[in-house]
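The first residue of the sequence shown is numbered 1, and numbering continues consecutively from there. Just so we're clear, the structure is a prediction, and the values are computed from it rather than from any experiment. Excluded from the calculations below are hydrogen atoms, water molecules and symmetry mates; all remaining heavy atoms, backbone and side chain alike, are included.
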Amino acid sequence: MASARLDLDGNPIKPITICMIGAGGFIGSHLCEKLMNETPHKVFALDVYNDKIKHLLEPDTLPWAGRIQFHRLNIKHDSRLEGLIKIADLTINLAAICTPADYNTRPLDTIYSNFIDALPVVKYCSENNKRLIHFSTCEVYGKTIGSFLPKDSALRQDPAYYVLKEDESPCIFGSIEKQRWSYACAKQLIERLIYAEGAENGLEFTIVRPFNWIGPRMDFIPGIDGPSEGVPRVLACFSNNLLRGEPLKLVDGGQSQRTFVYIKDAIEAVLLMIENPARANGQIFNVGNPNNEVTVRQLAEMMSQVYSKVSGEAPLEKPTIDVSSKEFYGEGYDDSDKRIPDMTIINRQLGWNPKTSLWDLLESTLTYQHRTYAEAIKKVIAKPVAS
């Protein structure tokens, strides 16, 4: 007989039922896989689409059959939502509009999706004494203090001015006409609401701030499994360029600095939050990999090298081109200079540290992208254009 699974404090982990909103997306699909493969927990998988989790739902002879149920619903207007939250032990809310190209072109949808639509979830969890794990974003930090210093200031190299701490760093956004901050503002306000529900009404919550989680099934490839005019996040944008043999577009020279963490490492952190409520409740966690820090230009150069390795195709003579943020994203775009997470709290509470190097996570992701999309893109490119 298999030994009982234990939490970080040595207590047996009891099977629970999880209501996962947004289960059909990138993060949700990987979390569902983890839960089905490695735990006895049951999942109500809520989403509008289930393409990324179909392999977990069919056939009914799968070893976890009966432990995952897909419910096709939109949380904006579905009376089933409260009932599913009521009968679950834990709700995980992953639902969001989280594509930078939408923030300043669809600011109303962005605000409604990330704040208004999340309100009932928080309300139902609070009223029914149900635990909530809410996915926020590293964008709530906005700009770093260091970005306001003179460019030649030595203080720009001082971690105190750019490393982002959950319990200390301020949230600094751009002016109102820079609608790119609509996403960050909506996410920050729902965080404050959740925190207030915990303080005033005893809501048990955990807030997750992802720092660029990367891996297979992330976002979409325009014209293949997403709209032709769509603009996904940076890694999927670059993947699309590589698959089509096009130069990678660097917005404003690609000088912004980012960190990237492998989705499987990040999901390990989420599982620790799920199964260690005594350590996770009331906490806000950065989940990222400060060791994988690069400029966007360096990321493009590395992706070109990795894709050449996995595809067997020679890299382009001119692998990148520069474009302005106005040209790429439209009016009202703004950006943060750095997003480097402090890992003190998650390491102290959950003992979690990421493991996968940037090269290795890119190799895994681009191998998947090439295997999944290369042939489909060749057919699209070869298709004659109607006159």
*Compare all side-chain heavy atoms of Asn291 with those of Pro354 and state whether any distance is below 4.5 angstrom.*
no

*If you measure only the distance, is there a donor-acceptor pair under 3.5 Å linking the side chains of Arg217 and Ser29?*
yes

*Report yes if the side chains of Cys138 and Leu164 come closer than 4.5 Å at any heavy-atom pair, otherwise no.*
no

*Pro216 versus Thr365: any side-chain heavy-atom pair under 4.5 Å?*
yes

*Does the pair Lys34/Glu268 count as a salt bridge with the N-to-O cut at 4.0 Å?*
yes

*Would you kindly say whether Tyr262 and Ser364 are connected by a side-chain donor-acceptor distance under 3.5 Å?*
yes

*asked:* With rounding to the nearest 0.5 angstrom, report the OG to CG distance, Ser147 to Leu149.
replied: 8.0 Å

_If I compare all heavy atoms of Glu33 with all of Leu56, which pair ends up nearest, and what's the gap?_
N-CD1, 3.7 Å

*In plain terms, say whether Arg297 and Asp322 are close enough for a salt bridge, that is, a side-chain N and a carboxylate O under 4.0 Å apart.*
yes

*Crowded around Tyr195 OH? As in, over 12 foreign heavy atoms under 6.0 Å?*
no

*Would Lys309 and Glu363 pass as an ion pair if we require N to O under 4.0 Å?*
yes

_Side chain proximity check, Thr206 to Arg131, heavy atoms < 4.5 angstrom_ = yes

*Below 4.5 Å, heavy atoms only, C-beta onward: do Asp47 and Ile53 meet side chain to side chain?*
no

*Verify the neighbour count for atom CZ of Phe115: are there more than 12 heavy atoms of other residues, nucleotides or ligands below 6.0 Å?*
yes

_Other residues, nucleotides, ligands: >12 heavy atoms within 6.0 Å of Tyr49 OH_ = no

*Answer with yes or no whether the hydrophobic clustering places Val234 together with Trp213; edges join I, L, V, M, F, W, Y residues whose side-chain heavy atoms lie under 4.5 Å apart.*
yes

*asked:* Quick check for you: to the nearest 0.5 Å, what is the distance between Lys86 atom NZ and Asn129 atom CG?
replied: 11.5 Å

*Going through the distances and angles, do Glu191 and Lys187 end up as a salt bridge (charged side-chain N to carboxylate O under 4.0 Å, His left out)?*
CA-CA 6 Å; Glu191 278 198 30; Lys187 282 292 196 180; over 6 Å; no

*Please name the pair of heavy atoms, one in Arg279 and one in Arg348, separated by the smallest distance, quoted to 0.1 Å.*
NH1-O, 4.2 Å

*asked:* Any donor-acceptor pair under 3.5 Å linking the side-chain atoms of Asp265 with those of Thr356?
replied: yes

*Does Glu82 come within less than 4.0 Å of Lys130, counting only side-chain N to carboxylate O?*
no

*Of all heavy-atom pairs between His370 and Leu243, which one has the smallest distance, and what is that distance?*
CA-CD2, 4.0 Å

*Enter the distance from Leu362:CG to Thr367:OG1 here, rounded to the nearest 0.5 Å.*
10.0 Å

*Can you measure from CZ (Phe205) to CG (Leu193) and round to the nearest 0.5 angstrom?*
11.0 Å

*Is any side-chain heavy atom of Phe148 less than 4.5 Å from a side-chain heavy atom of Ile145?*
no

*Would you give the length of the straight line joining atom CZ of Arg371 to atom OG of Ser311, rounded to the nearest 0.5 angstrom?*
14.0 Å

_Check ion pair Arg339-Glu293 (N to O, under 4.0 angstrom)_ = no

*asked:* If I take atom CG from residue Asn74 and atom CG from residue Asp117, how far apart are they, to the nearest 0.5 angstrom?
replied: 7.0 Å

*Taking the side chain as C-beta and beyond, is there a heavy-atom pair between Leu46 and Leu81 under 4.5 Å?*
yes

*Any side-chain heavy-atom pair of Ile345 and Asp167 under 4.5 Å*: yes

*Measure the acute angle between the ring planes of Tyr141 and Phe211, then classify it against the limits of 30° and 60° as parallel, tilted or perpendicular.*
tilted

*Tyr307 and Leu242: which non-hydrogen atoms are nearest, and at how many Å?*
CE2-O, 3.6 Å

